[in-house]
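Everything on this sheet refers to the single structure shown next.
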Amino acid sequence: MKKTEEGTKKVLRSEYVVACNGYLVELLRMWELDAHYGYWNSDEPGTIYHYGETHNLTMEDIIYIVENDIEENEVLEWEDYCLDACEFKFTKPNLRAWHMGCPRTPPETFERLRALKADLDNAVKEEKQRITQ
């Protein structure tokens, strides 16, 4: 197998960085965000883009958002759903599946599960207090 020449690697890397930053610029334009609003993880284009206080997008997500004209609001709803899903160890859909309408647990179900979890936590706490008195 022939080794890739160093010049070729540098050109490929340079073109990749330009493409990653190009997609990011388009995303920022679409969502009307300031270019100083976020940063690439470890300052490496194509890794994870962090923006706002708690939002993160992979390069795959950024490409999908740009190529499918996805509004920021939909991405925020997806992120919120993923947090709820994580809390109860449900499968988290990727952005593509979310956008295509994958099966989802309704917000009311998550609320009901939280209430049940709180009731269980309280019952456990009360039982611990009862047996340690």
Side-chain angles (χ1 to χ4, degrees):
M1 189 175 252
K2 201 173 190 180
K3 287 188 175 184
T4 305
E5 293 182 32
E6 279 305 309
T8 302
K9 289 180 190 178
K10 287 180 183 179
V11 168
L12 290 172
R13 177 69 187 157
S14 174
E15 289 173 354
Y16 177 73
V17 167
V18 168
C20 291
N21 285 327
Y23 271 104
L24 178 60
V25 166
E26 182 59 18
L27 172 78
L28 296 174
R29 186 201 62 73
M30 284 171 52
W31 289 357
E32 298 177 352
L33 298 176
D34 186 292
H36 300 287
Y37 192 57
Y39 59 94
W40 288 112
N41 193 50
S42 300
D43 222 14
E44 275 292 318
T47 56
I48 304 293
Y49 183 71
H50 304 276
Y51 69 102
E53 291 185 24
T54 59
H55 305 289
N56 306 296
L57 294 171
T58 65
M59 190 67 228
E60 181 181 357
D61 293 336
I62 292 169
I63 292 169
Y64 191 78
I65 290 164
V66 169
E67 291 183 354
N68 292 279
D69 295 315
I70 298 175
E71 294 180 12
E72 183 180 19
N73 212 31
E74 182 176 353
V75 173
L76 296 176
E77 289 173 11
W78 166 67
E79 288 177 345
D80 287 344
Y81 181 87
C82 287
L83 291 173
D84 288 340
C86 262
E87 181 178 353
F88 295 101
K89 297 180 174 70
F90 291 3
T91 301
K92 296 183 307 182
N94 62 29
L95 182 58
R96 179 184 307 254
W98 175 268
H99 182 67
M100 295 176 77
C102 66
R104 306 168 192 185
T105 300
E108 302 79 29
T109 301
F110 283 123
E111 290 172 21
R112 186 171 53 82
L113 290 172
R114 277 190 197 88
L116 290 168
K117 185 177 176 188
D119 288 346
L120 176 62
D121 290 344
N122 286 335
V124 169
K125 182 180 175 183
E126 288 171 7
E127 182 60 16
K128 283 182 179 179
Q129 288 174 345
R130 186 189 72 73
I131 63 173
T132 57
Q133 290 180 355

According to a 4.5 Å side-chain heavy-atom criterion applied to Ile, Leu, Val, Met, Phe, Trp and Tyr, with indirect links allowed, do L27 and Y37 form part of one hydrophobic cluster?
yes
E71 side, atom CD; H99 side, atom NE2 - distance, nearest 0.5 Å
10.0 Å
Does any non-hydrogen side-chain atom of K125 lie less than 4.5 Å from one of D121?
no
Output field: ring centroids Y23/Y49 closer than 6.0 Å
no
Rounded to the nearest 0.5 Å, what's the gap from CG on D84 to CZ on R104? Could you check?
12.5 Å
Spacing of Y51 atom OH and L57 atom CG [to the nearest 0.5 Å]:
4.5 Å
Would you say D34's side chain and H36's backbone share a donor-acceptor pair under 3.5 angstrom?
yes
Looking at side-chain heavy atoms only, is the closest gap between R29 and V25 below 4.5 Å?
no
R114 and E111 ion-paired at < 4.0 Å
no
Let's go through L116 and R112 carefully: what are the C-alpha distance in whole Å and the side-chain angles of both, what is the deciding distance for side chain to side chain contact (heavy atoms under 4.5 Å, CB included) to 0.1 Å, and is it a yes or a no?
CA-CA 6 Å; L116 290 168; R112 186 171 53 82; 3.9 Å; yes
Counting neighbours of CG on D43 that are heavy atoms of other residues, nucleotides or ligands and sit closer than 6.0 Å, is the number greater than 12?
no
Which heavy-atom pair separates I70 from M30 by the least distance, and what is that distance?
O-CE, 3.7 Å
Between K9 and L12, does the side chain to side chain contact (heavy atoms under 4.5 Å, CB included) criterion hold? Intermediate values first, please.
CA-CA 5 Å; K9 289 180 190 178; L12 290 172; 5.7 Å; no
Using a 4.5 Å side-chain heavy-atom cut-off and chaining through intermediate ILVMFWY residues, the residues clustered with V124 come out as L120
How are the rings of W98 and Y81 set relative to one another: parallel (under 30°), tilted (30 to 60°) or perpendicular (over 60°)?
tilted
Which atom pair, heavy atoms only, marks the closest approach of K92 to A85?
CG-CB, 4.1 Å
Could you state whether Y16 and L24 fall into the same hydrophobic cluster, counting links through intermediate Ile, Leu, Val, Met, Phe, Trp or Tyr residues with side-chain heavy atoms under 4.5 angstrom apart?
yes
Output for pair (Y64 OH, D69 CG), nearest 0.5 Å, gives 11.0 Å
Side-chain contact test, heavy atoms from C-beta onward, threshold under 4.5 Å: evaluate it for F88 versus T109 and give yes or no.
no
Using 0.5 Å steps for rounding, measure from the CG atom of N68 to the CG atom of L95.
8.5 Å
Less than 4.5 Å apart, side chain to side chain, heavy atoms only: is that true for F90 and L113?
yes
Non-hydrogen side-chain atoms of N73 and E77 separated by less than 4.5 Å
yes
Go through D61 and W78 one step at a time and tell me if the side chain to side chain contact (heavy atoms under 4.5 Å, CB included) criterion holds.
CA-CA 12 Å; D61 293 336; W78 166 67; 3.6 Å; yes
Are any non-hydrogen side-chain atoms of E72 and I65 less than 4.5 angstrom apart?
no
If you round to the nearest 0.5 Å, how far is NE2 of H55 from CG of L76?
5.0 Å
Shortest non-hydrogen pair, I48 vs N56, comes out as CG2-CB, 3.8 Å
Compare every heavy atom of G46 with every heavy atom of C20, then report the nearest pair and how far apart it is.
SG-CA, 3.5 Å
Are the side chains of I63 and E60 in touch, meaning some heavy atoms are under 4.5 Å apart?
no
Would you say CD of E127 has more than 12 non-hydrogen atoms from neighbouring residues, nucleotides or ligands within 6.0 angstrom?
yes
Is the closest side-chain heavy-atom distance between W31 and V75 below 4.5 Å?
yes
